[in-house]
Amino acid sequence: MAALPGSSSAISLHREKISVASPRRRCRERGHLRASAVVSCYYLRRRRRESPATAAKSGLRRRPVAAAEDGMVLIQAEEEASQHEKAAAEYDWREEWYPLYLTAEVPIDSPLGLTVFHKQLVLYRDGGGVFRCYEDRCPHRLAKLSEGQLIEGRLECLYHGWQFEGDGQCVKIPQLPAGAKIPHSACTRSYEVRDSQGVIWVWMSETNPPDAGKLPWFEHYARPGFQDVSAIHELPYDHSILLENFMDPAHVPISHDRSDFYSKREDAQPLIFEVTERSARGFAGNWRKSKPTAATNYLRFDAPCVLQNNHQYAGKDGREHHVSALFLCRPTGQGKSMVIMRFGTTLSSPVMKLLPRWFFHQNMSKVLEQDMGFLSSQNEVLVREAVPTGKLYLNLSSCDTWVAEYRRWMDRAGHGMPYYFGSRTISLPAEPAVVEQSPAGVAAGISASPPAKGGVGSLHAANPINRYFRHVVHCRACRGALESFRAWGKALYVLALLSLSMAVMAERRQWKVALVASASLFSTAGYLCSAALSLITTNFVREHRRL
């Protein structure tokens, strides 16, 4: 890993360049920078433009050395250094499987545009039901194939009608003269995909064949009687922030207080962690609450996307039961990510059978929204400050062990990723993010691309803050519930209006009473449909944040 020398001559050179180059630019020019050099350059720059009084108040100054008593509380720099001095792990982000989508949610009648880091992909089912994945651009004029359509199982670019099938071969060009052959170069880059345990995975390597040994397999999900609730969510913050948040059990009692039967802020307490495994592809360990009789959980992170938190115990019947929370976190670009959340158990729960899927999904959306504000702001701070997390985070050993472990893994393996924020090292993106603006105007809104499929108005705009865009467009159960509640709501309000009209016209008193009562019932049922619609599509806002 490239690093800036720490000599006095190097510091002098940095002094000379401070006036013409920002810390971010120097990071890009020199690749993977050692954190201390970045911070030194940054502070020299600040001292030139700040008075001593202002510098003293600066929130970005070096932290004082932790007091002796902090040794029992904080994760100390010495621990970070001992991990960092290990040889860099052999790691290449391309030589991995990435979770694209839940199999059941892949559209049957249209292509689906997805991304892995900065690579844009298109996924679709061909005429035989086989999943195909290409680079999301037509070789003709680079139009997005995900904006196209399926014609007899072939993927057609809607710009000029070129059609593709199989491993990306072009099989039709309407503009070719009679007798002319399709050029060999008129093909698109294809990627290998696998359907495993209800999830579509893509192999991103452009040089090596798929490594079946790296394809994740979750033993619990193959057990007889195992049932789960799964959902897809797009989120407006980085893949690393997303994983870090799911690794943090300490925030649950506070952030998600009363969101379920188990999360209560009065249960916030020190946690006990034990790291049992470290490798080039992640780490694993046990954790539990510090109070007596607390159950032990097993957490495992497998790069680049898989985090699972499992718990097993013996039931009253003596049988072994399993509870699993599985998070498949895909990087979708700078400041963006997508997660497939799966919560499952071998217990037979009547609640899971009685309540519809959309009800569980709206609660999962609510939990993500409870974290969204501060996770997005955390992402912004990391990008703005452009220094490793070890210079910004104040990690507690009784709270943040997994977070520190994850950023240390970034130190070891980050050199094999497009960009990363480690505990002691960073590598910023070589280029700023390309932001695709949402369509403006009615005409553009009508032609919105999948998965919105022609939605009109702000509800369907590609807004990562909007629950409809983040989840509903990716979920058949929620879209079906949405359509049903809309239809029933309209029908019930019409029936209520008819009942009131008939009550006015009725001559007998008993008929008037019965019709008014019917109108009230219809109106109440219509209101409940509207409330359910709101529950599915409206973001959660905390009470103290509401107007």
Side-chain angles (χ1 to χ4, degrees), residues 104-105 107-109 227 229-233 257-261 348-370 442-443 445-446 448 450-461 463 465-547:
E105 303 296 350
I108 298 174
D109 58 349
Q227 54 184 333
V229 176
S230 302
I232 302 171
H233 298 267
D257 181 31
R258 267 68 183 182
S259 292
D260 53 38
F261 297 112
S348 179
S349 172
V351 175
M352 291 183 68
K353 294 178 181 178
L354 290 174
L355 294 175
R357 271 201 299 164
W358 67 263
F359 181 83
F360 294 106
H361 287 188
Q362 65 82 26
N363 195 63
M364 292 161 76
S365 295
K366 173 184 175 181
V367 168
L368 289 171
E369 287 155 7
Q370 288 172 336
V442 176
I446 292 173
K453 293 188 178 180
V456 180
S458 61
L459 179 67
H460 302 268
N463 177 4
I465 306 302
N466 182 288
R467 184 184 290 191
Y468 184 92
F469 175 78
R470 285 186 297 101
H471 169 66
V472 176
V473 295
H474 302 290
C475 178
R476 289 182 182 176
C478 290
R479 290 200 307 272
L482 208 61
E483 293 172 2
S484 297
F485 284 127
R486 278 177 180 161
W488 276 105
K490 291 177 181 178
L492 288 165
Y493 282 129
V494 168
L495 288 173
L497 186 60
L498 287 174
S499 296
L500 281 176
S501 301
M502 293 174 66
V504 171
M505 297 169 58
E507 296 181 356
R508 294 187 178 183
R509 181 182 179 83
Q510 57 268 37
W511 280 108
K512 286 183 180 290
V513 172
L515 288 168
V516 169
S518 298
S520 298
L521 287 173
F522 288 139
S523 297
T524 301
Y527 172 79
L528 291 176
C529 287
S530 299
L533 278 172
S534 178
L535 202 61
I536 295 172
T537 58
T538 305
N539 281 25
F540 168 82
V541 180
R542 299 183 190 276
E543 289 290 341
H544 71 281
R545 302 286 295 174
R546 295 177 183 175
L547 295 176

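Just the heavy atoms: all of them, side chains too, but no hydrogens, waters or symmetry mates, feed the values below.
Between R467 and L535 the shortest heavy-atom distance is NH1-O, 2.6 Å. R476 and P107 make their closest contact through NH2-CA, 4.0 Å (heavy atoms, listed as atom of the first residue, atom of the second, distance).
Other residues, nucleotides and ligands contribute at most 12 non-hydrogen atoms within 6.0 Å of the CZ atom of R545.
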Can you give the donor-acceptor pairs under 3.5 Å from side chains of residues 497-508 to other protein atoms, not counting sequence neighbours?
{"residue": "S499", "atom": "OG", "partner": "L495", "partner atom": "O", "Å": "2.9"}
{"residue": "S501", "atom": "OG", "partner": "L497", "partner atom": "O", "Å": "2.9"}

Which pairs of donor and acceptor atoms, one on a side chain in residues 513-528, lie under 3.5 Å apart (sequence neighbours left out)?
{"residue": "S518", "atom": "OG", "partner": "A514", "partner atom": "O", "Å": "2.9"}
{"residue": "S520", "atom": "OG", "partner": "V516", "partner atom": "O", "Å": "3.0"}
{"residue": "S523", "atom": "OG", "partner": "A519", "partner atom": "O", "Å": "2.9"}
{"residue": "T524", "atom": "OG1", "partner": "S520", "partner atom": "O", "Å": "2.8"}

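Legend: residues meeting side chain to side chain donor-acceptor pair (under 3.5 Å) with D257, ordered by chain and number and at least two apart, are absent. Residues passing the side chain to side chain donor-acceptor pair (under 3.5 Å) test with S534, sequence neighbours excluded: T538. For H471, the ring-ring contact (aromatic ring centres under 6.0 Å, His included) partners at least two apart in sequence or on another chain are H233, H361. Residues that satisfy the side chain to side chain contact (heavy atoms under 4.5 Å, CB included) test with K490, not counting sequence neighbours, are absent from this structure. Listed by chain and residue number, nothing satisfies the side chain to side chain donor-acceptor pair (under 3.5 Å) test with E105 (two or more places apart in sequence, or in another chain). Listed by chain and number, the residues in a side chain to side chain donor-acceptor pair (under 3.5 Å) with R509 amount to none (sequence neighbours excluded). F359 pairs by the side chain to side chain contact (heavy atoms under 4.5 Å, CB included) definition with L355, P356, Q362, not counting sequence neighbours. Residues meeting the side chain to side chain contact (heavy atoms under 4.5 Å, CB included) test with D260, sequence neighbours left out: Y262, S263.
In this structure, CD in E483 is found 11.0 Å from CG in L533, a value given to the nearest 0.5 Å. Note that NZ of K366 is 4.5 Å distant from OG of S259, once rounded to the nearest 0.5 Å. The distance from the CZ atom of R486 to the SG atom of C529 is 12.5 Å, given to the nearest 0.5 Å. Here CZ of F360 is found 12.0 Å from SG of C478. Values are rounded to the nearest 0.5 Å.
One N or O on the side chain of E369 and one on the backbone of F540 form a donor-acceptor pair closer than 3.5 Å.
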For V472 and R479, run side-chain contact (heavy atoms from CB on, under 4.5 Å): C-alpha distance rounded to whole Å, both residues' side-chain angles, the deciding distance at 0.1 Å, then the answer. CA-CA 6 Å; V472 176; R479 290 200 307 272; 3.8 Å; yes
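Applying the ring-ring contact (aromatic ring centres under 6.0 Å, His included) test to residues at least two apart or on different chains, the pairs with a partner in residues 475-512 are W358-F485. Sorted by first then second residue, the salt bridge (charged side-chain N to carboxylate O under 4.0 Å, His left out) pairs that include residues 516-544, not counting sequence neighbours, are E543-R546.
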